[in-house]
Structures are given as structure tokens and as C-alpha cells.
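The basis for the numbers below is simple: all heavy atoms, side chains too, and nothing from hydrogens, waters or symmetry mates. Protein chains get the first letters and strands the later ones, always in sequence-line order, with residue 1 at the start of each. Everything numeric here is computed off the predicted structure, so don't read it as measured data.
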Amino acid sequence: MSNENINVNTYREQRIRNLNALAEMGYEPFGSAFERTGRLAEIRAGFEEGRAVRAAGRLTAIRAMGKSIFADLRDGSGRFQIYLSRKDLPEEAFKAFSLLDLGDTIGVAGRLFVTRMGEQSLHVDEWTLLTKAILQPPEKFHGLVDTEERYRKRYLDLVANPEVRARFDTRIAILREIRAFLTARGFQEVETPMLQPQAGGAAARPFITHYNALDCEMFMRIAPELYLKRLLVGGFDKIFEMNRNFRNEGLDRTHNPEFTVLEVYEAYGDRTTMKRIIEEMLPHICRTVLGTMVVESSETGERIDFTPPYREVAYGDLVREAMGDDWFDLDAAAARASAEAAGVAIDPAWDHLLITHEVYDKLIEKRLRQPTFVTRVPRAFIPLAKACADDPSLADVFEFVVAGKELCPGYTEQNDPFEQRKAFEAQAGEEKEKIDEDFITALEHGMPPAGGLGLGIDRLVMLLTGTEAIRDVILFPQLKMREP
RNA sequence: GGGAGCGUAGCUCAGUUGGUUAGAGCAGCUGACUCUUAAUCAGCGGGUCGUGGGUUCGAGUCCCUCCGCUCCUACCA
């Protein structure tokens, strides 16, 4: 700690001097429990002039005027103004208050009153030090703006920027309401391994680690799906898991290596069972958390309406609508020409199926702004779902798309062990050892027919809070290591 | 992976064509002030200009390396 900290140290030293002075006066710089009448928001809610209350919080502003002092106290629930008057406090208690710095945490006791300016406030009769801060808080008006500091020192971001705290409060409420919704409908929340001998259930590069006791490679899970289905075999028939997945992939505005996913499974159900859950759960979240069915998109300012029912449309119909009725009769060369004419770059090696998928991805999905279930998707991309009864080339699934992005797939789950093995083999190609034999064995014991869905929680929170970067809905997003 | 931009006081930001002693607001210190709320007023202190090198009589400014951040793009369900 040499050069760059010289100036930091002068601020620290000043505050440490204040700390020592307070300690000499009998204040405990890192105090103990303090009994409060309630949190600041609760005190405001129960405001009654003259009522005696005890409150605590961090000092975020001090406005001193000689013989009277106003200050702002902040806790996890909000802000409240306190008032100290020289004539109502012991001489020493009033003097000691001037040794406090912004960022210190104090406890106060007094009575409620309304200032001449009409603000509900607390007239302090006594105060005590709870925690001395020896480092400076961020600037009070602009808050903490520097993006790197905001993520690396999220605790400062949360203190300095109330709208950041509010966004995470919303995230927490969304998770709470998802659990409440599913629990009220008889679903049980289960926990399955994060550390797996094979990383299955999705196509993604996993994080690899080593388990010393067994001297073997282990993988951080990329999805919980195969374990949740084992539980269906085991007789759990309405389950969900909402927790972290890990994928060893790029880092950008919409990807974090660890992210939160909700998976729901219901035995004896299918794709349409899952569709009903989405059509009831999203309105429930909107109603209880946001108080409105209409959400404004941060990127475009467009309004997205979550009032059910949502549009349902077949993948093939969307493609025909965009590319012409004869699209599926074209050969690959003609399809490629048509796609490129529409502005979609196509690899010459791709077959008709891949070209169609690229057109859907780059052109069609973006245009689906309001909540939409896209059904009857080519099965080649979806190894874990059943085929449509009337067309074995299509999977009996939906992809739920909002604001031009896929938010949540829902499947009629594959429970045929022979079909499942075929799909795994097609996907694995050369790497046969990657097939999860233990999972196939479980299917051979009999998994009831079931519907399942997987909802990306971070992206849902982004959508519902009008946030453009995944980093702004994850408390501690992944950053590059910084040299010490 | 490719492209563009950024990094100046604890925090938020200025800094002209390369020019002599790098500025402001907040925060801090001293003083005044009994209803303020971005309190106000007067004064004072605070900088290895991300790092290392180069060009130059002279670099915050121009060039290169590295570190970090942001955006675009590619990859990635």
C-alpha cells in the first residue's frame, strides 16, 4: 500500500482520529445490537406525531447549522430524516455528533415530529454509535457511476444508488412469487447436483473441476434436467428447481457464466400443461410484483402486454409467412439464395434445416414482440422432447418468445428410452462415452409422461425491470481478475 | 477472436494546437449560522494524469507495450 493510497490514507487517518476521539468519549466504534422500533419504512408507515421511537441506519447526509443539525439515516427499507437540537441534548452528545462522518451507522432514540417544511422527522433525544466507517462513501449527488467500481464494489453501488437496490428488491420479489405460485399449486422445490460426473441436459461447454477424494473429473452442471427427470421416475410428480447453471462460455451483455434457471416438471402433463403454467405464472408475477400487466422495454420503449392468453403459432407457419408459402419446397441452394436476399448470411455447407433455423433466429424471432408460443419446432435441435404425434420430424414443444428473445422452452418430455438413446447418439456423434447411460437406465424403469419447462430467471428479471445488461440483475457478476 | 472508444483528486467531471504552477463541484479541514433536505456563506488542504517504455527543448495531451472497463461484432441455447 504505497503510492496510490497516500491520499486515501489521509481520509482514513482523519476518520480514525474521529474514531479515537469518540472512543475516548465512551462511544464504542464497532458497537453491538440495537433494539429498533422498526425499520425506517415501518417507522414512516406508523408515523404519529410525538410518538417515541428507536431507529438505526447509516448516515448518508448531514446538514449542520450551528445549534441544530439535520441528517439522513438510511437502512435496508428506506430513508428517514433525524433532527438534533443543541438545547435538547447533553452538551457532550451534541459535540460528539460532529465527530461522525458520512457512512457511519448510528442508533437514535427520540420522538416523531413534522418539520416546517412538512417532512416527517425524528427529534433525537439520545444517540449511540453502532459502526464507524473509516473509508469515504461515494459522492452523494451523482452516486457511484464508474461501471467497474459499481460491479467490483457492489456494496457501494447498493448504498449510493437507491434504484440499484430497488431493482434487486424486484428480483428477489420475482423469485419469491415464482416459489409462492408453484408451491400453491402443489409443486415441491427440489435440489439436484451442481457437481456432476457428466454435464448433461443441454449443449454447452462445462466448467471442469477435480474431486480429490475420488480422484476424478467433475463438471459443474449446465442444466438440472436429467436429474429432475430421474425424480419423475422416482415418483415425485410435481417438482421444480430454481438455481444456478454454469456454462464455460463468453461473457457479454446477456451472458454470465453462472445464471439462474427455473425448471418445472409435471408428471401426466405435456406441453400444454406447461403453457398453462406460463400463462398463469407470468400474470401472477406482474400483478403481485409490478402491479401492472404492461411492461416497457428499455431498448425500444415498446410496451409488452402480459395479459393472457398469448399467441400460439407453428414454427413452419412463421417461416412461410416470412419467406413465402413454397419455402419448404425449395432445395438448399434456392433457400440459401432466398435467405441471403432477405439479408441473412448463410454458410454454403448448410442444409435446408440449418438455413431455416438461421432465418428463424436472425429474422423471425426478433419480430415476435408480444408474448408468443412458437410450436412444432424441428426435432433435430431438441433431443429431450417427444415428436409431434402427426409429424415425427417436429418436436412437441413450444419456445416462448417475448420482445424478440426466447424466454422459456416447454416440452412434452421424451420418456421412451429407445428414442432417447437415438437422439443422444445423433447429438453426441463420435463421442459415445458422453451419453448418460445412468439416465437411460432410469428411463428404462419407466418415466411417466410429463411436461417440463425451463425459464431463464435473469432474462425474465431484465425484461420485467427494463434492464439491458445481465450484470445489472446479478449482484456479483463475473469480471476479469484484477492484478493486485 | 475482430473492431471502436475510455482510464485525470476519495467520488462526479473539465483540461484548447504539445507550452511554463493540471482545474471545478461533491466529500474533507477551519470558522459563521436554531427548520435544513444537492443547506448556505468565507477560507484552507488534497494529484506518480491506469502501467511501462518512446518521440520532443518540453507530454495529461503524440506513438508503442501491458492492465482494466464500455460499446459493436463473432462464438455460445
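Taking only side-chain atoms of A:Asp252, from C-beta outward, the nucleotide of B:rA74, B:rG28, B:rC35 with the closest atom is B:rA74. For A:Met65, whose side chain is taken as the heavy atoms from C-beta onward, the closest listed nucleotide among B:rG25, B:rA77, B:rU36 is B:rU36. Closest to the A:Ser68 side chain, of the nucleotides B:rC35, B:rU12, B:rC29, is B:rC35.
Taking the centre of each ring, A:Phe439 and A:Tyr227 stay at or above the 6.0 Å mark. Taking the centre of each ring, A:Trp127 and A:Phe94 stay at or above the 6.0 Å mark.
One distance of note links CG of A:Asp361 with CD of A:Glu406; it measures 9.0 Å at 0.5 Å rounding.
The phosphate of B:rA38 has neither OP1 nor OP2 within less than 4.0 Å of any side-chain N or O from A:Arg63. Between A:Arg253 and B:rC72, a side-chain N or O to OP1/OP2 separation shorter than 4.0 Å is present.
For A:Arg379, the side-chain hydrogen bond (donor to acceptor under 3.5 Å, both in side chains) test picks out A:Glu419, with sequence neighbours left out.
The nearest heavy atom of RNA chain B to A:Gln81 and to A:Thr147 marks one nucleotide each, and the one closer to the 5' end goes with A:Gln81.
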Side-chain atoms of residues 343-351 of chain A: list all donor-acceptor pairs with protein atoms under 3.5 Å, sequence neighbours left out, distances to 0.1 Å.
| unit_1 | atom_1 | unit_2 | atom_2 | d |
| --- | --- | --- | --- | --- |
| A:Asp347 | OD1 | A:Ala349 | N | 2.8 |
| A:Asp351 | OD1 | A:Leu353 | N | 3.3 |
| A:Asp351 | OD1 | A:Leu354 | N | 2.9 |

Would you mind building the protein contact string for nucleotides 40-45 of chain B? One character per nucleotide, 5' to 3', B for base within reach (heavy atoms under 4.0 Å), S for sugar-phosphate only, - for untouched.
-----B

For A:Glu312 and A:Thr372, run side chain to side chain donor-acceptor pair (under 3.5 Å): C-alpha distance rounded to whole Å, both residues' side-chain angles, the deciding distance at 0.1 Å, then the answer.
CA-CA 6 Å; A:Glu312 178 173 327; A:Thr372 305; over 6 Å; no

